[in-house]
Undergrad: 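Pasting a structure below so you can have a look.
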Number of protein chains: 2
Amino acid sequence: MQEANDEGRVKSGARAGDGRKPRADAIRNRERVLEAAKAVFSQGGPAASLEGVARQAGVGIGTLYRHFPTREALFEAVYRREVEQLVELVQALKAEASPAEALRLWLRANVAFVATKKGMLAALALATQKNPDLMAYSSDRLTQAVGELLARGAAAGEIRDDIGPEDVLRALIGMCYAQDRPDWQDSVLRLIDVFVDGLRLRGQPPG
Amino acid sequence: MQEANDEGRVKSGARAGDGRKPRADAIRNRERVLEAAKAVFSQGGPAASLEGVARQAGVGIGTLYRHFPTREALFEAVYRREVEQLVELVQALKAEASPAEALRLWLRANVAFVATKKGMLAALALATQKNPDLMAYSSDRLTQAVGELLARGAAAGEIRDDIGPEDVLRALIGMCYAQDRPDWQDSVLRLIDVFVDGLRLRGQPPG
DNA sequence: TTGCAAACGGAGGCACCCTCCATATTCTAA
DNA sequence: TTAGAATATGGAGGGTGCCTCCGTTTGCAA
């Protein structure tokens with residue numbers, strides 16, 4: 001009768017309403033399933049077999065379903081995680097590269113993401129249709145992340161300050177949208193270089 | 001030259017290599033399956049049951065598979081047809097409305113399309129991933145169609161001539177991309193009105 | 001009419017979906 | 001350390017959908 005949990009939205013994971021900590025094996029298995037799901041969805045798209053995911057994760061199908069009661073829940077968890085990784089990449093790049101270069105590398109990483117995870121994109125189309133919040137959430141997170149890169153560049157006088165993060169994301173989406181030919185990646189990578197060059201301020205500060 | 005019968009690449013239907021005409025019942029059933037598939041995919045998305053399609057079409061599952069050997073083939077046929085209808089709508093609107101108004105109505109029709117056929121969008125994401133030609137084909141057809149509307153408006157001095165059909169389509173896609181809230185349709189319809197107003201030339205010709 | 005190629009429909013074998021519960025594992029408190 | 005409670009596991013099972021195969025039906029030409 002306790003257990004009204006089911007959490008704000010996220011199910012299945014850590015303690016929330018009830019102050020209890022999940023068991024160690026539960027955490028481990030949850031992780032395994034997520035890892036396997038990432039691979040399987042990337043490869044096979046949104047209709048990929050969940051039993052296949054469980055097999056690859058080395059857990060029973062029942063375990064998979066306890067952690068993620070629906071296909072959408074599983075996909076959503078995988079996707080949120082990917083978004084989080086892209087956000088973290090921003091932090092890492094800030095430490096390693098000049099502002100403009102960091103932006104360029106981050107955009108390139110996104111292209112790689114799209115290219116590697118083809119199936120995930122189709123799955124995303126399905127998932128956002130059933131749960132619009134997911135799109136809103138990821139847009140916010142990514143906008144904020146790009147915003148940091150831009151602000152840093154602007155502060156350093158390396159990048160113009162009249163282009164907002166939404167514009168950059170929209171450009172990225174637009175460029176990745178037309179996956180009409182086998183060599184679309186090359187094309188988009190070139191476009192990104194051009195785009196970042198366009199964002200650069202010409203009169204460079206010392207350094 | 002009437003008809004050229006649809007077949008650009010499409011398999012399954014009419015004569016091609018062999019000069020034989022398909023049987024009447026074959027044509028009829030093919031049509032029924034397409035109609036049913038449109039409804040079922042729109043409602044249920046790309047994973048919808050093909051046996052369900054066959055049931056709704058009133059044909060056996062074997063018949064469905066003879067006409068469309070794979071799920072993708074079926075979806076592709078449905079989608080090509082939808083694109084064709086949007087193209088035909090352009091012709092109809094040219095006869096019925098002023099250039100700018102025709103453009104406005106056509107864009108609105110696209111929003112309705114997206115709204116009604118939610119499932120089709122997810123299916124499209126899947127299908128284009130497996131067959132990039134499909135995207136290229138539909139882009140071309142739609143670009144050409146919008147191009148006609150724009151050219152007509154420009155010729156009549158109603159619409160500016162420095163915006164190309166690709167720009168208009170990109171704007172449309174961009175506006176429909178953010179289906180993040182239940183009332184996204186209202187928002188997009190407003191944006192379309194604004195957009196078309198923006199395309200209008202101020203000094204209007206007589207009429 | 002008749003003959004036959006073309007088309008039909010659905011049975012059958014297999015994979016996957018998801019639920020349920022007997023069993024196994026982890027945690028806690030003594 | 002250990003026992004018992006709480007929690008988690010895994011896979012059997014009933015149902016649905018996928019797709020192939022083939023005996024039967026139908027349209028069409030002669």
Side-chain angles (χ1 to χ4, degrees), chain A residues 1-7 11-34 36-37 40-41 43-75 77 119 123 126-127 130, chain B residues 11-34 36-37 40-41 43-75 119 123 126-127 130:
Chain A
M1 49 169 63
Q2 75 276 52
E3 167 134 56
N5 60 10
D6 162 41
E7 332 296 73
K11 311 114 200 306
S12 108
R15 67 252 172 77
D18 57 334
R20 210 175 283 278
K21 206 168 48 173
R23 258 168 52 173
D25 53 347
I27 294 178
R28 175 166 29 82
N29 282 332
R30 186 187 151 87
E31 207 59 24
R32 283 186 184 171
V33 169
L34 280 175
V40 171
F41 280 139
Q43 236 260 309
S49 158
L50 295 190
E51 298 199 326
V53 172
R55 267 196 300 277
Q56 178 151 345
V59 307
I61 184 66
T63 298
L64 183 151
Y65 273 97
R66 171 149 349 78
H67 285 294
F68 308 98
T70 66
R71 179 180 290 271
E72 285 73 34
L74 174 55
F75 177 77
L126 245 195
K130 297 199 177 174
Chain B
K11 333 126 195 291
S12 109
R15 66 251 171 77
D18 59 335
R20 210 177 283 278
K21 204 168 55 174
R23 258 168 51 172
D25 53 347
I27 294 178
R28 176 166 28 84
N29 282 333
R30 186 187 151 87
E31 206 59 22
R32 282 186 185 170
V33 169
L34 280 175
V40 172
F41 280 139
Q43 237 261 308
S49 157
L50 295 191
E51 299 200 323
V53 172
R55 267 196 300 276
Q56 176 152 345
V59 306
I61 185 67
T63 298
L64 183 151
Y65 273 97
R66 174 151 347 82
H67 284 294
F68 308 98
T70 67
R71 179 180 290 272
E72 286 72 34
L74 174 56
F75 177 76
L126 245 196
K130 297 199 176 174

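Letters A, B, ... are given to chains in the order of the sequence lines, protein chains preceding strands, and every chain is numbered from 1. Basis for what follows: all heavy atoms, side chains included, without hydrogens, waters or symmetry-related copies.
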Undergrad: Measure from CD on A:Glu51 to C1' on D:dT16 and round the result to the nearest Å.
TA: 13 Å
Undergrad: Under 4.0 Å: is that the gap between some side-chain N or O of A:Arg23 and OP1 or OP2 of D:dA6?
TA: no
Undergrad: It should be established whether B:Arg71 places a side-chain nitrogen or oxygen under 4.0 Å from OP1 or OP2 of nucleotide D:dC18.
TA: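 So the side-chain polar atoms of B:Arg71 do come within 4.0 Å of the phosphate oxygens OP1 or OP2 of D:dC18, strictly under.
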Undergrad: Calculate the interatomic distance between A:Tyr65 atom OH and C:dC18 atom P; express it in whole Å.
TA: 4 Å
Undergrad: For C:dC8 and B:His67 - does any side-chain N or O of the residue sit under 4.0 Å from the phosphate oxygens OP1/OP2?
TA: yes
Undergrad: Any side-chain to backbone donor/acceptor pair from A:Arg30 onto A:Phe68? Under 3.5 Å, distance only.
TA: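 Looks like no, no N/O pair under 3.5 Å.
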Undergrad: Side-chain contact test, heavy atoms from C-beta onward, threshold under 4.5 Å: evaluate it for A:Leu74 versus A:Phe41 and give yes or no.
TA: yes
Undergrad: Take the protein atom CG of A:Asp25 and the nucleotide atom P of D:dG10, then report the distance between them rounded to whole Å.
TA: 9 Å
Undergrad: Do the side-chain N or O atoms of B:Thr63 get closer than 4.0 angstrom to the phosphate oxygens (OP1, OP2) of C:dG9?
TA: yes
Undergrad: Does B:Ser49 reach a base, just sugar-phosphate, or nothing at all? Heavy atoms under 4.0 Å.
TA: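 It contacts sugar-phosphate atoms only.
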Undergrad: Can you tell me the distance, in whole Å, between the CG atom of B:Leu50 and the P atom of C:dC16?
TA: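 One finds 16 Å between P of C:dC16 and CG of B:Leu50, rounded.
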Undergrad: When you check the phosphate oxygens OP1 and OP2 of C:dC8, does a side-chain N or O of B:Asn29 lie under 4.0 Å from one of them?
TA: yes
